[in-house]
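Owing to the predicted nature of the structure, the values given are computational and were not obtained by experimental measurement. As the structure lists them, so they are numbered: ligands from 1, and atoms in each ligand from 1.
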Amino acid sequence: MKKQLILAFGQADRYAEQALLQKRVAQTLAARLPSLARPAILELGCGTGFLTRHLLQRWPEAPLLCSDLAYPMLQRCRASLGAHPNLRYAVLDGEQPAVAAGFDLIAASMVMQWFTRPLASLAGLFALLQPGGVLAFATLGPETFQEWRQACTALALPNALADRPTAADWQQAWPATGLAQTWEESITLPHPSGLAFLQGLRAIGAHLPIPAYRPLSAGQLRRLLRHLEQQAHGGTVEMTYHVIYGLFRKNGVAALGKNGYPAG
Ligand SMILES: C[S@@+](CC[C@H](N)C(=O)[O-])C[C@H]1O[C@@H](n2cnc3c(N)ncnc32)[C@H](O)[C@@H]1O
């Protein structure tokens, strides 16, 4: 699965121009990042750098380790952001990042839905944070592509969608009780056709099905796309992205500002 992910995202050379929803989500997450004084930052699954750009603007002097599973994505990120004295890049599996602990902020926008065991990854990320440090993330929730799921059910076809954790599941999996805050957003995007929706996913590398999935035959796929188009509103096929955002804090002393008082 990880090899397929590297291949899919590695080939997504139109990601930066096509992934408009991901750009918007990164902006929303960035606007809610906590107040921290010169935090040591680890970014997971940076892609072409939508969130990285905000992190650099917000904390130009903070050390930032920007990482992704797919090396071509890191290259695109570097090409887009240019050199910054405090910015380093690394190929890392965000699910088990092979780095020393000590981060004040771990940020991950639209990547954890690709983890094999997303909830289990939280314990490892928790361990990498300093006391008072924060994990800030955006990920896809279980209602994502509900229109696709409903069409598959209506036609008795299997769907290729993962069973994603709910906001409550994420909160419960965080090792520090009471320090996990989530909020959710539904974004419905119009597509000229069902096929255009699938092609859009492929263009950004986000088209991989769940591992055990047996692809539909050409005839089944045609029936499914026709069904979606029959349900179309105003001539467009709508697909909903259910986005879950999280700000999860590690208990302990809050990060200290330069004057020794808690930042923020
Ligand atoms: C949908 S893109 C999001 C990229 C970027 N954060 C953004 O918001 O545009 C998902 C990114 O996660 C990376 N990715 C997938 N699985 C990963 C993993 N296990 N660890 C780290 N990165 C991963 C992909 O290579 C891709 O760059």
How far is [atom] from its nearest protein heavy atom, and which residue and atom is that?
| atom | result |
| --- | --- |
| atom 22 (N) of ligand 1 | Leu69 N, 3.2 Å |
| atom 2 (S) of ligand 1 | Tyr15 OH, 3.3 Å |
| atom 20 (N) of ligand 1 | Gly94 N, 2.7 Å |
| atom 14 (N) of ligand 1 | Val111 CG2, 3.7 Å |

Does [Y] offer a backbone N or O that forms a donor-acceptor pair with the side chain of [X] under 3.5 Å?
| X | Y | value |
| --- | --- | --- |
| Thr236 | His191 | no |
| Thr52 | Thr48 | no |
| Lys250 | Phe126 | yes |

Heavy-atom contacts with [X] under 4.0 Å: which atoms of ligand 1 show up? List them by number with element.
| X | value |
| --- | --- |
| Leu92 | 20 (N), 21 (C) |
| Ala70 | 25 (O) |
| Asp93 | 18 (C), 19 (N), 20 (N) |
| Met110 | 1 (C), 2 (S), 3 (C), 10 (C) |

**OP:** For this output row, return yes or no: ring centroids of Phe137 and Phe248 closer than 6.0 angstrom.
**Re:**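 Yes.
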Purely on distance, is any nitrogen or oxygen of [X] under 3.5 Å from one on ligand 1?
| X | answer |
| --- | --- |
| Ser109 | yes |
| Phe9 | no |
| Phe115 | no |
| Asp68 | yes |
| Trp114 | no |

State, without any angle test, whether [X] and [Y] hold a side-chain donor-acceptor pair at a distance under 3.5 Å.
| X | Y | value |
| --- | --- | --- |
| Thr139 | Arg164 | no |
| Gln171 | Thr182 | yes |
| Gln27 | His54 | no |
| Ser109 | Gln22 | no |

Report yes or no: does a heavy atom of [X] sit under 4.0 Å from some atom of ligand 1?
| X | value |
| --- | --- |
| Cys46 | yes |
| Thr52 | no |
| Leu51 | no |

**OP:** Kindly indicate whether the side chain of Ser121, heavy atoms from C-beta on, has any atom under 4.5 Å from the side chain of Met112.
**Re:**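 Yes - at least one pair of side-chain heavy atoms lies under 4.5 Å apart.
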Original post:
Which heavy atom of Arg249 sits nearest a heavy atom of Trp174, and at what distance?
Top reply: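 Looking at all heavy atoms of both residues, the shortest contact is O-NE1, 2.8 Å.
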